[in-house]
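Here's the structure we're looking at; comments come further down.
Bear in mind that the values here come from a model prediction, so they are computed numbers and not experimental data. Residues: numbered from 1 along the sequence shown.
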Amino acid sequence: MGDKINRRTFLGMTATGAAGLILGDFIGKEKHTELAAPVTKHETSEAETISFYGSHQTGVVTPQQNFANIASFDITTDDVKQLQELLKTWTEMAATLMEGKPLAAEPQDGKFPPTDTGEQIGLATGKLTITFAVGATLFEKEGKDRFGLRARKPQGLTEMPIFHKDSLQEQLTHGDIVVQACSDDPMVCFHAIRNLSKAARGVAHLRWQQTGQLGIKSDGTKRNLFGFKDGTNNPALQDDAFMNNNVWIDGADGIPWLTGGTYMVVRRIQMRIETWDQQPFTNQEEIMGRQKVSGAPMDGKSEFDQPLFAADAKGDKTPLDSHIRLSNPREGESSERERILRRGYNFMENLDSVGRLNAGLLFVCFNRNLQTQFESIQKRLTNPKMPDKMLSYTETTGGGYYAVLPGVTTKGTYLGQHLFG
């Protein structure tokens with residue numbers, strides 16, 4: 001009984017005889033009024049609030065918010081019904097959180113832990129989006145068909161491999177389900193992940209978590225911690241043709257239950273800040289392949305000028321092993337088919353175990369085909385014969401591959417419903 005999810009509890013319905021728990025959190029009959037102070041309603045404008053419902057999940061082509069909190073969960077139950085109940089509960093919670101509403105009616109029952117932890121009270125949603133995706137191990141782990149879903153695993157969904165120069169740490173990598181919470185307020189992101197984790201008690205637990213942020217008031221393209229503009233060549237979010245070709249999965253991909261979804265790559269890339277900071281300005285530009293202040297390519301004048309690699313075959317202007325040249329050689333249709341949608345953040349977390357700045361890039365991207373897009377690019381960047389020069393100053397320690405579930409179009413349905421048949 002302790003592992004059974006009761007979504008009515010989450011919704012604040014406390015009818016006598018309700019048999020379940022929200023994975024360990026339950027509400028009694030008596031109301032404690034002394035500890036439950038009146039809550040001032042925070043008026044959330046439509047401009048601050050994004051709807052959870054739609055054919056695609058939010059947090060993919062949504063304009064990027066300033067903060068992110070990405071958390072990976074391992075499923076601890078073998079009961080497929082409990083997995084479904086968790087996804088139903090998370091669906092209802094995500095819709096409520098994105099609306100800026102509390103997860104429980106006030107006053108809450110004084111005899112039990114609060115259903116909503118409450119640290120977000122009085123805050124705007126900050127355009128909160130919550131995005132859910134599943135990893136390969138949800139379908140099969142150590143050869144076991146865990147939930148009878150092995151036959152439905154997309155062929156291209158694997159665990160993220162170890163690329164040249166990677167130093168993946170097991171406790172920071174992979175996971176059965178990943179949740180991305182993004183908002184213009186880091187407290188709102190934290191509150192979402194915290195409460196989803198709390199509601200998963202007994203069925204799933206956190207495997208790893210990573211926060212990220214951008215410059216709040218910066219103009220134009222955001223910069224990474226090496227000081228360069230990051231994402232100049234990203235597609236326009238309003239480019240539906242690109243998104244349909246390169247991001248969204250449809251019926252032609254042969255995975256009916258994943259239509260409307262996409263594939264997500266997360267990589268925790270630690271930057272060797274101290275080493276980078278000793279490099280001459282010119283060297284930094286040659287490693288990146290862009291001018292540092294303007295963001296222009298080495299042979300250009302402004303940020304959005306296209307580099308003319310064909311006219312620079314020997315790499316006299318833009319080195320052949322520079323980051324932008326290897327990441328996108330600009331070779332016509334083949335390069336266009338590879339392009340991905342990036343949505344990364346910077347992270348800064350005190351010092352590492354040897355006293356270096358523990359900071360870097362929380363790389364996040366979305367693509368329609370992991371092998372022909374992200375992996376094709378990554379293999380070129382990590383080719384031992386001529387690797388990306390920037391690899392000398394970075395070390396990928398965690399992350400994973402995930403399939404972003406299709407959106408929930410109507411209330412009463414839930415995330416991943418078509419996965420279960």
Side-chain angles (χ1 to χ4, degrees), residues 59-62 64-72 131 133 135 158-169 172-175 178-182 189 208-215 221-235 246-247 262-273 276 287-290 323-324 326-328 338-349 357-371 373-382 387-404:
V60 179
V61 298
T62 306
Q64 196 166 4
Q65 303 95 320
N66 288 311
F67 297 92
N69 192 322
I70 298 180
S72 173
T131 313
T158 65
E159 287 192 296
M160 185 173 69
I162 300 174
F163 296 99
H164 178 59
K165 295 266 189 160
D166 280 0
S167 298
L168 299 182
Q169 299 174 26
L172 299 177
T173 312
H174 310 312
V178 75
V179 183
Q180 171 192 260
C182 297
C189 295
W208 57 261
Q209 182 184 36
Q210 181 64 58
T211 60
Q213 59 184 282
L214 299 171
T221 307
K222 309 289 186 178
R223 293 182 183 268
N224 60 36
L225 297 185
F226 285 161
F228 282 80
K229 293 189 175 185
D230 199 332
T232 295
N233 198 46
N234 229 12
N246 290 47
V247 176
T262 182
Y263 292 107
M264 178 183 187
V265 179
V266 182
R267 285 173 68 80
R268 185 189 185 278
I269 304 174
Q270 189 157 351
M271 293 177 168
R272 297 306 176 203
I273 300 291
W276 176 264
I287 291 167
M288 195 67 64
R290 287 193 179 275
H323 180 70
I324 76 160
L326 286 175
S327 63
N328 187 347
E338 280 185 345
R339 287 180 67 200
I340 56 181
L341 173 62
R342 296 182 56 183
R343 207 173 188 275
Y345 288 85
N346 300 316
F347 69 85
M348 292 151 273
E349 299 178 342
L357 290 171
N358 188 6
L361 175 67
L362 176 58
F363 174 94
V364 180
C365 80
F366 300 96
N367 49 183
R368 184 170 174 171
N369 188 301
L370 287 164
Q371 285 69 42
Q373 292 178 263
F374 172 77
E375 282 194 4
S376 181
I377 296 169
Q378 190 65 19
K379 287 177 180 179
R380 194 164 52 243
L381 291 170
T382 58
D388 177 9
K389 265 189 176 181
M390 200 169 65
L391 291 179
S392 297
Y393 307 93
T394 63
E395 182 180 20
T396 298
T397 58
Y401 285 174
Y402 308 94
V404 176

Student check: side-chain heavy atoms of [X] and [Y] closer than 4.5 Å:
X	Y	result
M271	Y393	no
F366	N246	no
F347	Q210	yes
N224	N346	yes
Q213	N66	no
L361	D230	yes
M348	L225	yes

Please give me the minimum heavy-atom distance between [X] and [Y], naming the atom from each residue.
X	Y	result
N367	V265	ND2-CG2, 4.4 Å
P235	L341	CG-CD1, 4.0 Å
S327	L381	N-CD2, 3.7 Å
C189	A181	SG-O, 3.5 Å
M160	V266	SD-O, 3.9 Å
G344	Q64	O-NE2, 2.6 Å

Gap between atom [atom2] of [Y] and atom [atom1] of [X] - 0.5 Å precision:
X	Y	atom1	atom2	value
N328	N233	CG	CG	5.5 Å
S167	L172	OG	CG	11.5 Å
R223	F228	CZ	CZ	8.5 Å
Q180	M264	CD	CE	4.0 Å
F363	I269	CZ	CD1	6.5 Å
K389	L391	NZ	CG	12.5 Å

Original post:
Run the side-chain contact (heavy atoms from CB on, under 4.5 Å) check on Q373 and C365 step by step: do they pass?
Top reply: CA-CA 10 Å; Q373 292 178 263; C365 80; over 6 Å; no

**OP:** For S376 and E338, test the side chains for any donor-to-acceptor distance below 3.5 angstrom and give the result as yes or no.
**Re:**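 E338 and S376 do have a side-chain donor-acceptor pair below 3.5 Å.
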
So, does [X] use its side chain to make a donor-acceptor pair with the main chain of [Y] at under 3.5 Å?
X	Y	answer
Q378	F374	no
K222	G215	yes
Y402	H174	yes
R343	V364	no

**OP:** Take Y345 and T211 through the test side-chain contact (heavy atoms from CB on, under 4.5 Å) and record every step on the way to the result.
**Re:** CA-CA 8 Å; Y345 288 85; T211 60; over 6 Å; no

Subject >> For T397, the option from R267, R268, Q169 that meets side chain to side chain donor-acceptor pair (under 3.5 Å) >> reply: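 Single side chain to side chain donor-acceptor pair (under 3.5 Å) partner of T397 among R267, R268, Q169: R268.
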
Subject >> Steps toward side-chain contact (heavy atoms from CB on, under 4.5 Å) verdict (H323, F226) >> reply: CA-CA 13 Å; H323 180 70; F226 285 161; over 6 Å; no

Original post:
side-chain contact (heavy atoms from CB on, under 4.5 Å) between T131 and V404: does it pass, once the steps are laid out?
Top reply: CA-CA 7 Å; T131 313; V404 176; 3.9 Å; yes

